[in-house]
Amino acid sequence: TREHISGCLSMDADTFDLLLPKTNGRLNQPSLATFHRWVVFSRCLGLSVKESLMFLGLAGVADPFDSMDTTHDLIRVLDRLKQSGTSLATLDYILNPALDSSKGLRDESYAQKIRMIRQAAAGLQSKIKETEDAGEDSLKMLLSMLEPFEKEPVLDRLYQVLDGTWGGSQAEVTAFFQTYLAPFVSDPDELFSVLAYTAPVSASERVLRKNYLQKELVRYITLTTVKEVVAVSFNISPAQSGLLLNQLSLNPGAVCLANILLSPRLFEKDGEGSYVHTIDPAGLGDLFRAMKMIHKASVLILSLKMDTKE
């Protein structure tokens, strides 16, 4: 009987199994009509029955035969989807967990990208240590990596700010902060609070001011590396990479993905200098989830050929 029904409707065994739960489980006219209706419906859409069920799941429609309006709406949505060039498999991967999706990446692929971030941060810290061991100024070394401070007058002015010796007006100091420092710190308000001065600062205050700025620059340079890793790994532009990192979060109201990928847990070491947390989903689950979210967003960007504004 199974073979006869499948043969009459040109169904394979997998399609039969997918549609059987939609029948009343009996060999009667309503069940045969259900098989026939779904097969014809799928063929009219230009999809397999499996693809039709996937499409309906993505559209949130349980019964495409509920009304003519429902059927027409589904056809219009599918037409727009086909025009976009986005496949059902791609859309399913983007919108659902789809752990076995062919569009997804293996955990090892995400681990490799996370490892690149850890190695870049370690390399920067090593460079800072080498500079300090040589008796040189590590802050100046970091500043040399940023274009605005390649100009000697700007660099000199910054050190005057750190010392509290620049006699510029409050408006000039504010303009300097906004132009040369604000782009490199996580919180501009904190920048103005920490580096504000009305007179030359003490030696201990200068250390605090310098340490604050160095910490912010390390974060900025490391984040720049993260943006580059994401852009190159997922074939999107650096601007799109930065947008995803700064605007997306794992949960509404939670920290952005950039902060997750710069989690202290990734860089934490024990007393012997070994990393505390292994790069795997068990030890750094949020980082893997962040990478997967970025990959899904990147797939969507590439599928729809979106630019940064879109």
Side-chain angles (χ1 to χ4, degrees), residues 45-47 50-51 54-61 73-121 183-184 186 219-263 266 279 281 284-310:
L45 294 181
L47 303 174
K50 181 179 180 180
E51 289 172 333
M54 179 188 295
F55 170 57
L56 294 174
L58 293 171
V61 175
D73 288 344
L74 287 169
I75 293 172
R76 284 193 291 269
V77 170
L78 183 61
D79 284 343
R80 289 197 295 270
L81 181 64
K82 289 180 177 179
Q83 290 171 11
S84 74
T86 304
S87 68
L88 282 173
T90 297
L91 195 60
D92 183 48
Y93 169 67
I94 293 170
L95 297 179
N96 293 318
L99 297 179
D100 59 347
S101 172
S102 61
K103 302 296 181 179
L105 300 177
R106 295 178 295 117
D107 284 342
E108 178 51 38
S109 179
Y110 294 126
Q112 181 183 27
K113 303 176 198 327
I114 295 170
R115 195 173 297 115
M116 291 170 66
I117 297 172
R118 174 182 275 179
Q119 291 171 346
F184 305 114
S186 55
R219 183 187 185 281
Y220 174 83
I221 293 169
T222 305
L223 180 57
T224 299
T225 300
V226 174
K227 291 179 183 178
E228 292 172 352
V229 168
V230 167
V232 173
S233 298
F234 300 136
N235 199 30
I236 58 177
S237 72
Q240 290 170 331
S241 172
L243 191 64
L244 297 182
L245 287 166
N246 291 319
Q247 298 297 321
L248 295 182
S249 60
L250 293 179
N251 299 295
V255 299
C256 65
L257 299 187
N259 286 339
I260 291 176
L261 293 176
L262 293 178
S263 168
L266 179 60
I279 298 181
L284 297 169
D286 280 353
L287 278 78
F288 278 79
R289 286 190 287 274
M291 276 292 183
K292 186 167 187 176
M293 178 176 284
I294 294 170
H295 180 243
K296 288 190 173 192
S298 301
V299 169
L300 180 62
I301 288 171
L302 295 173
S303 296
L304 299 182
K305 300 178 176 60
M306 301 168 69
D307 59 27
T308 304
K309 291 182 181 180
E310 294 173 313

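As the structure is a prediction and not an experimental result, all values here were calculated from the model.
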### Message
Run the side chain to side chain contact (heavy atoms under 4.5 Å, CB included) test on Thr225 and Ile117 for me, step by step, so that the C-alpha distance in whole Å, both residues' side-chain angles and the decisive distance to 0.1 Å come before the verdict.
### Response
CA-CA 7 Å; Thr225 300; Ile117 297 172; 5.7 Å; no
### Query
At what distance, to the nearest 0.5 angstrom, does CD1 of Ile94 lie from CG of Leu300?
4.5 Å
### Query
Is a salt bridge present between Lys82 and Asp79, judged by a nitrogen-to-oxygen distance below 4.0 Å?
no
### Query
If you measure from CG on Asn235 to CD1 on Ile301, what distance do you get to the nearest 0.5 Å?
11.0 Å
#### Entry: Heavy-atom side-chain proximity of Met293 to Leu244 below 4.5 angstrom
no
### Task
Before giving the answer on side chain to side chain contact (heavy atoms under 4.5 Å, CB included), spell out for Asn96 and Leu58 the whole-Å C-alpha distance, their side-chain angles and the decisive distance to 0.1 Å.
CA-CA 8 Å; Asn96 293 318; Leu58 293 171; 3.4 Å; yes
### Message
Measuring from atom CD1 of Ile114 to atom CD of Gln119, what distance do you get when rounded to the nearest 0.5 angstrom?
### Response
12.0 Å
### Query
Short question: side chain of Lys227, backbone of Ala258 - any donor-acceptor pair under 3.5 Å?
no
### Message
Give me the atom names and distance for the closest heavy-atom approach of Cys256 to Leu245.
### Response
CB-O, 3.4 Å
### Query
Which one of His295, Lys292, Lys103 satisfies the side chain to side chain donor-acceptor pair (under 3.5 Å) criterion with Tyr93?
His295
### Query
Going by the angle between their ring planes, with limits at 30° and 60°, are Phe288 and Tyr110 parallel, tilted or perpendicular?
perpendicular
### Message
Quick one, Arg289 and Asp286 - any side-chain contact, counting heavy atoms below 4.5 Å?
### Response
yes
### Query
Given Leu81 and Leu88, is the side chain to side chain contact (heavy atoms under 4.5 Å, CB included) satisfied, shown in steps?
CA-CA 8 Å; Leu81 181 64; Leu88 282 173; 3.6 Å; yes
#### Entry: Residue pair Leu105, Lys113: steps toward the side chain to side chain contact (heavy atoms under 4.5 Å, CB included) verdict
CA-CA 12 Å; Leu105 300 177; Lys113 303 176 198 327; 4.3 Å; yes
### Task
Supply the atom-to-atom distance Met291 CE to Leu257 CG, rounded to the nearest 0.5 angstrom.
9.5 Å
### Query
Should Leu74 and Phe55 count as side-chain neighbours, where that means a heavy-atom distance under 4.5 Å?
yes
### Query
Heavy atoms, side chains only, cut-off 4.5 Å: are Leu223 and Leu261 in contact?
no
### Query
Heavy atoms, side chains only, cut-off 4.5 Å: are Arg106 and Gln112 in contact?
no
#### Entry: Distance (rounded to the nearest 0.5 Å) between Leu287 CG and Leu250 CG
9.0 Å
### Query
How long is the span from the CD1 atom in Ile279 to the CZ atom in Arg115, to the nearest 0.5 Å?
5.0 Å
### Message
Please give me the minimum heavy-atom distance between Thr90 and Ser87, naming the atom from each residue.
### Response
OG1-OG, 2.8 Å
### Task
Would you indicate whether the side-chain heavy atoms of Asp73 and Val61 approach each other to under 4.5 Å?
no
### Task
Would you list the pairs meeting side-chain hydrogen bond (donor to acceptor under 3.5 Å, both in side chains) in which at least one residue belongs to residues 240-262, sequence neighbours left out?
Arg219-Asn259, Ser237-Gln240
